[in-house]
Amino acid sequence: MASRWANEEADKVEEQRRKKDKEDKKRLKLQKQQEAEAAAQAAQEADSRPAKRRRLSNDNEPSTKSTIPEAERKLLRFEAGGWSPCRHTSNFETLNHIEEGSYGWVSRARDITTNQVVALKKVKMDYAQDGFPITALREISILQKARHTNIVRLQEILSGDDPQECVLVMEFLEHDLKTLQEEMSEPFLASEVKTLLRQLTSAMGFLHENYIMHRDLKTSNILLNNRGQLKLADFGMARYIPSSTTAPLTQLVVTLWYRAPELLLGTTSYGTEVDLWSLGCIFAELLTKSPILPGKNEVDQLSLIFSLCGLPSEKTWPAFYRLPNAKSLKLPREHRHANLGFNRAKFPFLTASGITLLSSLLALNPNDRPTAAEVLEHGYFKEQPKPKPSEMFPTFPSKAGQERRRKRSPDAPKRGEVGAGIKAVDFSSIFKDREEEESGGGGHRLRRPFAVGYPFCRLRLVALVGSWTATDRTRSVNDCASVICFEICYTSAVYLYSRLLLGPHDLLHLCPLPSFPCAGDPSLGERDCVGDLERVGDPGVTECRGEPECAERGRLGDLVGDRSRDRLRVRDRARAGDGVRDGMIG
Amino acid sequence: MQPSPLANPLATVAQLETPGSQLDRIPPDLEDSAHFAGARLTQAAGILLRLPQEVVAQAIVVFMRFWVGPEGGSLAEFGAEQVSAASLYLTTKLSAYPKSARSLINVYAYLASLPTTCIGLEQLKGKMPETCYFVTEGTYERRRTTLFTTEQRILRTLGFNVHVNLPYTLCITYLQALDIFTHPRAPELAKRAIAHLNTALLSPQFLYLTHQPPALATAAIYLAAREVGIKMPECEWWEVFDTDREELGFLCVGMLSLEGFAQGERDKWEGKKCPMSVEDMEAEVKRRREVDG
């Protein structure tokens, strides 16, 4: 028992001793730590002090300066790599051809060592005249300098067995906007148009800031990948803005449909405004899904422009009459058409601020067009619907990923080619269509498939009322009006419903009126019906995207995207109704 | 992102160690002479073609880039004259002052007709009898083909890195930043600095291929200020322009040594012609071997 007590006491003592030891150790450790911290602080002070003093003293005491140790000053280092000879084309394996343009052949290929899928652009060599083609040289040198998220990346340049062979290696993007739009069953949603337009404009703003004009903007030169990223390509026409205004520039630039009026009228001094005109054309094309000004030749192009944008006058474009080709034009008498500005009726679903943006881009006077930076700040991008985040963009089956025939579209003018020229031309009758269009509301010039249904409804209505009045004249006017109202509601509901079910083409077949598909519009005539269903499970979708997980995500995205697209479509249409009113009144 | 507008691609150490010509056993001094003569030829042709100095300078840098590295051009395969012509043609094509192949060939024919490699400005102005430099249509066709194939070869050898950022405008900007232009003799200083930059183009040390434009501009200002006798700030002002002391010292020595090198070249080729074509180069190498035994 006693031993137990004693034991306990001894334990206690032992415990206390242990505790004390522990505390001592702790204290010692803390002390050491504090000392170390103090030392470090002192060292830091010693380090930083001379630098401070040196900066303040401004070096007027050279004797003290030499004694104080110099702190390392940070100098900027410029890295621009080195150079090495071109690799050989055999490092790449061609998968399929994509396109052949005026400038060269484009194909999809795989880097044998890294398995990366790229686009190869083989430059057409025309050595007879000036050695290495200047267009290719310019494109290469501009692409080497222009590194931007929305500009296609030039990775390297290859050479082949033939010393004249030259191949550009660029990142591969699944679509170009032109082919994509041809394959789509209906235009991009308003939110998607905004995203595309904003990306395009930011690329353009970057180019213009760096004194580069693209000079060949068109939908076939704009690429889109399956992640909703847009990239500008084909810089074959691009050049630096000349420093002096004296050097004449060629007016034979930009594909006809996207060519600004001042170029058509033969100016030799122009600037970045020509790109903004093309941007306007592309904007309109994204809205309507087909080229807005598809002129057959230069004269036709001008007349299309004037019928869309109104006529130039001394007030709106003072420099107009001094342009080389302007003298030969006979314009309609001014007083009748002077107040006809931009033809808003062509864009019934565009909001008021969208119309102001579009009409300012398509301003006849180049000085009235906004800069790319101003476009980006425009209210159109801030209002509802907001630009869709590019991650939310729907994916589409890639036509570039497989072998396929493309439809012809006009190319940019070739160097040294002489334009057809503009001889004496009479534009007196260009507004005939427009007057009809505005007074009668007839949709035969509207390219939108949407527009097809409305005259159809109206015809039915007229027939109905006609038969009614013929058979039963005793009915009161009120009754008649209410029936007409009902008929309008009914037919529009049927139309909307059938569109949701069938898509526009099927409706076209049902439609008894023969004149609906416009003769000049190849996209309506030849197009095969591509339903939304084709997007899912299309081999192209999975094949073209490199990583399998990415493809899975894409497929899921397709389903979700399509469903939400349908919902959005209904919502957009409801909003589009407002747009119509906006367009008509404002 | 976007490459800096102040930076150039530089030659690597490996490229500088083994130029293509030395793999073909061209004597190093002859190689230096050919590069120097080729660069001066480009300069003279640029003057005759009324090109601005920035275009000529770019052409000389492209010319120099071509010879560097084991994969670069060799004097046993390409004559200095043909590469000079092709690099000038290539550079003008990308500039705002394109020149036709015909005017280029005419100018080079004229320069080839001059009796010596050491061309002075007076000789450029002097009139030669036209028969000396007349180019027949057949010769023109032949030379044009050579011009185009050489141009193609330059592009491939450089991997299309033909863009050159130059230090001239930087130099003026730096002088403005240093507030030099309040000094009455500032124009003299600026002229000297530009002259140093032009001279450095001809350097056998490839100063433009080993140093970035900011360093070149700073070194030129440093030398010019010492020569003109304008006092610079006492502190290490060159560090403001991202040049360290070591680089500045190296460039100053390099730029100053050029005078002696140029004098040596003049003595060497006085009244003679430096071998500017492949055949002449072969003959010269053969002659030297015979002399050496």
Side-chain angles (χ1 to χ4, degrees), chain A residues 54 57-60 62 65 70 72-88 125 127-134 136-138 140-149 151 154 156-160 162-166 168 206 209-210 239-244 247, chain B residues 1-12 14-15 65-66 68-69 71-72 86 89-90 93-98 100-101 144-145 147-163 165 209 211-215 233-244 247:
Chain A
R54 196 173 46 72
S57 69
N58 214 5
D59 297 337
N60 42 16
K65 204 187 91 190
E70 286 278 326
E72 191 68 27
R73 269 165 291 195
K74 206 157 164 53
L75 304 182
L76 270 181
R77 293 290 97 179
F78 303 97
E79 295 299 334
W83 66 86
S84 52
C86 297
R87 287 202 294 164
H88 193 264
M125 287 291 170
Y127 260 89
Q129 281 307 307
D130 317 294
F132 196 88
I134 175 68
L137 211 52
R138 270 195 194 143
I140 290 166
S141 80
I142 284 176
L143 277 176
Q144 278 173 339
K145 292 199 89 187
R147 295 259 186 254
H148 187 266
T149 42
I151 293 172
L154 174 68
E156 62 176 307
I157 295 137
L158 305 176
S159 61
D162 182 4
Q164 299 192 348
E165 201 177 333
C166 168
L168 277 62
F206 171 84
E209 259 174 42
N210 287 283
R239 65 162 293 156
Y240 286 98
I241 300 165
S243 48
S244 64
Chain B
M1 284 314 287
Q2 207 197 0
S4 162
L6 297 181
N8 280 328
L10 296 183
T12 60
Q15 277 176 326
R65 275 183 197 169
F66 179 70
V68 162
E71 284 152 324
Y89 180 62
L90 181 60
K93 201 190 263 184
L94 276 172
S95 77
Y97 310 87
S100 67
R144 196 180 65 165
T145 312
L147 183 71
F148 291 167
T149 49
T150 318
E151 176 197 30
Q152 174 72 30
R153 189 57 192 269
I154 291 177
L155 285 171
R156 279 173 66 176
T157 308
L158 298 187
F160 286 78
N161 278 299
V162 287
H163 188 81
N165 292 307
L209 308 190
H211 294 271
Q212 295 293 2
E234 296 261 328
C235 57
E236 288 107 333
W237 56 269
W238 45 86
E239 293 197 354
V240 176
F241 305 128
D242 302 305
T243 309
D244 59 28
E247 196 174 6

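Source: prediction; values computed, not measured.
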| request: Below 4.5 Å from any heavy atom of chain A, which atoms of Pro233(B) appear? Answer side chain, backbone, both or neither. | output: neither
| said: Counting only non-hydrogen atoms closer than 4.5 Å, does Leu209(B) touch chain A with its backbone (N, CA, C, O), its side chain (CB onward), both, or neither? | reply: side chain
| Quick one: are Pro213(B) and Phe78(A) in side-chain contact, heavy atoms under 4.5 Å? | no
| message | Using heavy-atom distances under 4.5 Å, tell me whether Tyr89(B) contacts chain A through its side chain, its backbone, both, or neither. | response | side chain
| said: Counting only non-hydrogen atoms closer than 4.5 Å, does Asp244(B) touch chain A with its backbone (N, CA, C, O), its side chain (CB onward), both, or neither? | reply: both
| query | Under the 3.5 angstrom rule, does the side chain of Thr243(B) hit a backbone N or O of Phe241(B) as a donor-acceptor pair? | reply | yes
| request: Select one option (side chain, backbone, both, neither) describing which atoms of Leu76(A) are under 4.5 Å from chain B's heavy atoms. | output: both
| query | With a 4.5 Å heavy-atom cut-off, do Leu158(A) and Cys86(A) have their side chains touching? | reply | no
| field | Region of Arg77(A) in contact with chain B, defined by heavy-atom distances below 4.5 Å | value | side chain
| message | Test your reading of the model: is there a side-chain donor-acceptor pair from Glu151(B) to the backbone of Phe132(A), 3.5 Å cut-off? | response | yes
| field | Contact class of Gln212(B) relative to chain A, heavy atoms under 4.5 angstrom | value | side chain
| So with a 6.0 Å cut-off around OH of Tyr97(B), is the heavy-atom count from everything else above 12? | no
| chain A heavy atoms under 4.5 Å from Arg65(B): which part of the residue, side chain, backbone, both or neither? | both
| Which atoms of Ser84(A) come close to chain B, meaning under 4.5 Å heavy atom to heavy atom: side chain ones, backbone ones, both, or neither? | backbone
| With a 4.5 Å heavy-atom cut-off, do Trp238(B) and Glu247(B) have their side chains touching? | no
| request: Could you walk me through whether His163(B) and Gln144(A) pass the side chain to side chain donor-acceptor pair (under 3.5 Å) test, one step at a time? | output: CA-CA 9 Å; His163(B) 188 81; Gln144(A) 278 173 339; over 6 Å; no
| said: If I measure from the heavy atoms of chain A, does Ala11(B) come under 4.5 Å with its side chain, its backbone, both, or neither? | reply: both
